[in-house]
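Note sheet for the following structure.
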Amino acid sequence: MSNLLEVHGVSKNFGNFTALNNVSITVPKGSIFGLLGPNGAGKTTLIRIINQITMPDKGHVLLDGEPLKNHHIRDIGYLPEERGLYKSMKVGEQALYLAQLKGMQKSEAKKRLKMWFERLEIGDWWNKKIQELSKGMAQKIQFVVTVLHEPKLLIFDEPFSGFDPINANLIKDEILRLRDEGATVIFSTHRMESVEELCDHIALIHKSNKVLDGNLMDIKRQYKSNTFEIGIKPNNSNLEQEITNKFSVTPAEFRTLGNDLKLNIKLSEQESANDLLAYLSSQGQISHFVEVIPSASDIFIQTVKNN
Amino acid sequence: MNHLPLIIKREYLAKVRNKAFIIMTFLSPLIIIGLISVVAYLTQMNNSKVRQISVLDQSGLVKDIFKDTENTKYSVLDDSITLENAKTIVKEKGDYGLLHIQKFDSIKDASTSIRFYSEDSPSLTLINSLDDKIEKELTTINMKNLGVNPQIIESSKVYIDIEQESFAGIKSSKLDSGIKIIFGVIAGYLLFMFIIIYGNMIMRSVIEEKTSRIIEVIISSVKPMQLMLGKIIGTSLVGITQVIIWIILGSGLIVLVSLIFGIDLGQMGMPQQEMMEQAMQGSEGSMEKAQQFMNAFFNLPLTNLIIAFILFFISGYLLYSSLYAAIGAAVDNETDTQQFMMPIIVPLILAVYVGGFTVIEDPHGTVSTVFSFIPLTSPVVMLMRIPFGVPIWQQLLSLLILISTFMFTVWFAAKIYRVGILMYGKKPSYKELIKWIKY
């Protein structure tokens, strides 16, 4: 699988402030790429550089193997975090205008807009003004406008903010469908559960530097600590003490039906899960045995803290 | 990808369809013409009112000189009535006023012996005309007393109206100068008003894009420079549309109002009119006056004037509007614009002052000439100077300076615009603006 977007050693300074310091990322074709980082880390600057809104001081960006040029504007759909629409303009007119700015023919844009409006069940909004719509409704229009010209690369900055759970789901499904149809998605958010749900790849930017990137599963594998969460009904009351002496143990929190002993057990590299399971099964009734996989949120917090 | 026409079109339609714009465009000529009509109507009413004036002449010298006119009727009271009685009579009759001439010993002291009594303070025109009448009569009497024949004095008077001619042989008169001043002032003020009204409109439309947060969406599709130019051109077209509608509507309304109410709007609001007409009495026919006016009009360097007007108007307007756009980009809301408005408003007002006073006084003096080259003041000042005849090389040089400054400001504004439109929340200082240019 080749890369749709490659960012090579990009740096950007605003006066004395360094917004990006030698950041490189590669976004594989057809992936959903999570661009993560605390507030003010430099994500938006990077996204703006990809959109040719700001020019990098150093480094370069390749889209589909070509250095960024003016005409690439129509290959990118960008939903900024700070977004809005002309309040006193009618929905249809406005969407047509924005589509034409992306280089679409008016008739083609109209046809596709009608289709999208039907799909999202907002067909009767065409002649309404934006100021008559609720925030969530305006967000839907904004989403349609972003994807209308069928760009190769979609960049969403906090796409779900302002949506109720039903509409958030609707948009999530649309994003997945667009990916399946061949689009590549860069996805910037602070909501880790949607990262977990959607992203194949992530990059973490912290204080202008990229501190982590790669396939999400690989990263999780890298961050797993060989820890297992267990629940057991002990045969004798000394079991907790015995396990504590044998392994490194922390208390665990999860829901069970019975009054079981709940523990997190961290294994050393020599010990295997099978050994642990065999030992535990000789000591009582096992009700729960799961390998602890670090969540995106855990990885985020841990990486940011360590840097 | 050139989106300029698209942006101009949107900008234009968005403004023209705006309700406030439609109301402003169609209502303001109605209001202005309406107000003028009311004033004109009232003035006419005032003029057609007949004033009764009683004269109590105890000197017996001037009672025969008061001839009734259309608006003023005189009645001479018997000179045996005392002043107090005369006042009561006049008040009872409801006359406009009482002119009292006391008996005086010497004509030299006459001035202190003449008094006008009235309910309210009397009209200035009336008092002036009474002054004139009495003065003339008393002067004549005085001359006779001194043994001078007034006819000889009259016939020996000489009237001078210096003719003017430039070294190149172009003749002109005082009327010419008046017309030049009118032309220059109209051109200068028109530009001034246009800049203030539509420059502000551009600024507001930039701020609107920032506050509605659409700017980043737009800017990911078009270059900031294109967006800015589109806004400036679109808004200018709106301005031109509005002015054309005003002119058509205004002149239509004036014709309509004059036809319906029979008010001559051209003849209003001139308190000295009566006097002027008296002064010009019989000297020349109105046909002759119109002829002189037309001559003066065609004496103007018309071709030069029109070309220069178009060029200076456009470049001056673009220069200022790019600054307005930059200010709009630098701030978040209109209240924050104040600190940046100063450098725009000050040269504009300065230009109008220089144009209004210095140019009229001395169109080719040092101050006028210098200010007609400084780019921020040159459009207004030069437009005011040109009717008086400015050498072509000066006009070209000034235009060249203006256009290069305009290019520089557009570059500068675009820099500020590019950075500013994505900056939210903080009120930038001048220092920061300078920093933005380096980004």
Side-chain angles (χ1 to χ4, degrees), chain A residues 12-17 19 44-45 47-55 57 69-90 93-104 106 129-131 135 138 141-143 145-146 148-149 151 153 155 157, chain B residues 1-22 204-227 230-231 234 332 415 417-425 428 431-439:
Chain A
K12 178 76 189 172
N13 297 303
F14 295 110
N16 293 327
F17 174 73
T44 307
T45 306
I47 290 175
R48 283 181 183 165
I49 286 173
I50 296 170
N51 274 298
Q52 305 180 60
I53 294 173
T54 353
M55 296 300 132
D57 294 341
K69 294 229 181 60
N70 220 340
H71 68 84
H72 283 123
I73 281 172
R74 63 179 82 174
D75 295 329
I76 302 180
Y78 173 35
L79 183 67
E81 188 181 5
E82 294 280 8
R83 54 188 170 245
L85 295 161
Y86 290 113
K87 289 201 177 60
S88 51
M89 228 175 148
K90 285 179 181 160
E93 245 170 52
Q94 175 144 221
L96 277 180
Y97 170 66
L98 293 171
Q100 279 173 287
L101 284 187
K102 281 288 184 188
M104 284 180 82
K106 197 171 180 181
K129 285 185 177 174
I130 295 292
Q131 57 201 7
K135 192 179 175 206
I141 311 281
Q142 198 109 46
F143 179 80
V145 167
T146 311
L148 191 73
H149 58 293
L153 179 63
I155 302 177
D157 202 343
Chain B
M1 271 175 291
N2 187 12
H3 295 307
L4 200 54
L6 204 61
I7 299 168
I8 294 174
K9 192 175 140 204
R10 193 210 81 82
E11 211 54 49
Y12 182 80
L13 288 179
K15 296 226 166 56
V16 169
R17 285 184 193 161
N18 185 300
K19 278 205 191 78
F21 174 84
I22 296 173
R204 259 180 282 128
S205 120
V206 175
I207 296 176
E208 187 216 332
E209 273 177 3
K210 275 187 87 175
T211 44
S212 71
R213 298 286 195 262
I214 194 177
I215 190 68
E216 201 166 345
V217 178
I218 302 273
I219 226 69
S220 67
S221 313
V222 293
K223 295 263 161 260
M225 182 83 160
Q226 256 183 34
L227 183 62
K231 272 190 177 305
D332 267 1
K415 283 267 183 188
Y417 192 85
R418 203 170 52 99
V419 180
I421 43 180
L422 296 173
M423 294 274 179
Y424 291 110
K431 216 169 123 194
E432 264 171 290
L433 289 191
I434 301 295
K435 233 163 65 186
W436 288 0
I437 294 179
K438 296 181 202 141
Y439 283 2

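Naming convention: chains lettered A, B, ... in sequence-line order (proteins, then strands); numbering from 1 in each chain.
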Chain B contact via Glu81(A) - which portion, at a heavy-atom distance below 4.5 Å: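 For Glu81(A), there is no contact with chain B at all, as no heavy atom is under 4.5 Å.
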
Working for side-chain contact (heavy atoms from CB on, under 4.5 Å), residues Leu101(A) and Ile7(B): CA-CA 8 Å; Leu101(A) 284 187; Ile7(B) 299 168; 4.2 Å; yes

Intermediate values then yes/no, side-chain contact (heavy atoms from CB on, under 4.5 Å), Lys102(A) and Ser220(B): CA-CA 9 Å; Lys102(A) 281 288 184 188; Ser220(B) 67; 4.0 Å; yes

No-hydrogen, no-angle side-chain donor-acceptor test under 3.5 Å, Tyr86(A) and Glu209(B):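 Indeed, the side chains of Tyr86(A) and Glu209(B) share at least one donor-acceptor pair under 3.5 Å.
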
Which residues share a side-chain contact (heavy atoms from CB on, under 4.5 Å) with Lys90(A), sequence neighbours left out: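 Listed in chain order: Glu93(A), Asn127(A), Lys129(A).
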
Point-to-point distance, once rounded to the nearest 0.5 Å, from CZ of Arg83(A) to OG of Ser212(B):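 So the CZ of Arg83(A) and the OG of Ser212(B) are separated by 13.5 Å.
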
Straight-line distance of Ile73(A) CD1 to Lys223(B) NZ, nearest 0.5 Å: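 Going from the CD1 atom of Ile73(A) to the NZ atom of Lys223(B) covers 5.0 Å.
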
Electrostatic pair Lys87(A)-Glu208(B), nearest N-O below 4.0 angstrom: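 Salt bridge absent between Lys87(A) and Glu208(B).
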
Residue part contacting chain A, namely of Leu13(B), when any heavy atom lies under 4.5 Å: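 Contact with chain A is absent: no heavy atom of Leu13(B) under 4.5 Å.
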
Partners passing ring pair (Phe, Tyr, Trp, His ring centres under 6.0 Å) against Tyr417(B) (at least two apart in sequence or in another chain):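 Scan of Tyr417(B) (ring pair (Phe, Tyr, Trp, His ring centres under 6.0 Å), adjacent residues dropped) gives none.
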
Heavy-atom closest contact (Ile214(B) atom, Leu85(A) atom, distance):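 Heavy-atom minimum between the residues: CD1-CA, 3.7 Å.
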
Audit row: Tyr97(A), Leu6(B), side-chain contact (heavy atoms from CB on, under 4.5 Å) steps and yes/no: CA-CA 8 Å; Tyr97(A) 170 66; Leu6(B) 204 61; 4.1 Å; yes

Residue of the set Ile53(A), Asn51(A), Leu79(A), Ile47(A) for which side chain to side chain contact (heavy atoms under 4.5 Å, CB included) holds with Glu216(B):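 The side chain to side chain contact (heavy atoms under 4.5 Å, CB included) with Glu216(B) is passed solely by Ile53(A) among Ile53(A), Asn51(A), Leu79(A), Ile47(A).
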
Derivation and outcome, side-chain contact (heavy atoms from CB on, under 4.5 Å), residues Ile219(B) and Arg48(A): CA-CA 10 Å; Ile219(B) 226 69; Arg48(A) 283 181 183 165; over 6 Å; no

Validation row: Ser221(B), Leu98(A) side chains within 4.5 angstrom (heavy atoms):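 The answer is no, as the side chains (C-beta and beyond) never meet within the 4.5 Å cut-off.
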
Neighbour count >12 (heavy atoms, 6.0 Å) for atom NZ, Lys69(A):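 Enclosed: over 12 neighbouring heavy atoms sit under 6.0 Å from NZ of Lys69(A).
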
